[in-house]
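Please read all numbers here as calculations on a predicted model, not as lab measurements. In what follows, chains carry the letters A, B, and so on, assigned in the order in which the sequence lines appear, proteins first and then strands, with residues in each chain numbered from 1.
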Amino acid sequence: DAKTTQPPSMDCAEGRAANLPCNHSTISGNEYVYWYRQIHSQGPQYIIHGLKNNETNEMASLIITEDRKSSTLILPHATLRDTAVYYCIVRVADFGNEKLTFGTGTRLTIIP
Amino acid sequence: DTEVTQTPKHLVMGMTNKKSLKCEQHMGHRAMYWYKQKAKKPPELMFVYSYEKLSINESVPSRFSPECPNSSLLNLHLHALQPEDSALYLCASSSRQGVVGEQFFGPGTRLTVL
């Protein structure tokens, strides 16, 4: 699976959009970009994933550059409950052989 | 029911003890996983079970022994652990249907080896 690079930490004001970048310059054509987050003392939680196109769900939006070498997770209106470690993971979607390889992630702190 | 449950929440054991961690899901998922997470580190995959068969073992020491008795249950048997095995042990499951690649995680068992 391709390696990802994320900033170790970020702050965001409550109510503002939080934009979390991820570099994955060695991504292969069949690899998806997944985002998970882990709130303190809980198990990781799936947020969103995408292949080429931008994606949006009730939690977040995912913007993938045209060359697919980087992506940005956007939390549109951050709340204090969004304080967590956010992991960007790049992998092939292969059921039953799924290795989620977590990098060090970005520790996002939402400031009141 | 969209939960993965893990018991116990906390476990303290000596190096000569034998204990087991239990994970259960009733979402009909046919893949289940064990991860290990040391303090301030990301989770690391240990084992993957697919349709109740072990499909991935990430070179985990034999003192950790996984078992999948049925499609809803996953155990991790522990024997002769070392203090460095103290960590949060996370279980997850996933389905071929729905979002491919989405894994549902339990809250974890926090293990302390004395």
Pro43(B) portion near chain A, given a 4.5 angstrom heavy-atom threshold: both
Other residues, nucleotides, ligands: >12 heavy atoms within 6.0 Å of Arg30(B) CZ: yes
Distance (rounded to the nearest 0.5 Å) between Glu102(B) CD and Tyr36(A) OH: 6.0 Å
Exercise: identify the closest heavy-atom pair between Leu90(B) and Pro44(A): CD1-CD, 3.9 Å
Ile63(A) reachable from Ile48(A) in the ILVMFWY side-chain graph, under 4.5 Å edges: no
Any donor-acceptor N/O pair, Tyr46(A) side chain to Phe105(B) backbone, under 3.5 Å: no
Lys18(B), NZ atom: more than 12 neighbouring heavy atoms under 6.0 Å: no
Atom group of Tyr32(A) that falls short of 4.5 Å from chain B, counting heavy atoms: neither
Contact origin within Glu44(B) toward chain A - heavy atom pairs under 4.5 Å: neither
Joint cluster assignment, Leu88(B) & Leu45(B), ILVMFWY side-chain distance < 4.5 Å: yes
Connected via hydrophobic side-chain network under 4.5 Å: Tyr33(B) and Leu73(B): no
Residue Arg16(A) excluded, over 12 heavy atoms near CZ under 6.0 Å: no
Under 4.5 Å from a heavy atom of chain A, the part of Gln37(B) involved: side chain
Spacing of Lys40(B) atom NZ and Arg107(A) atom CZ [to the nearest 0.5 Å]: 6.5 Å
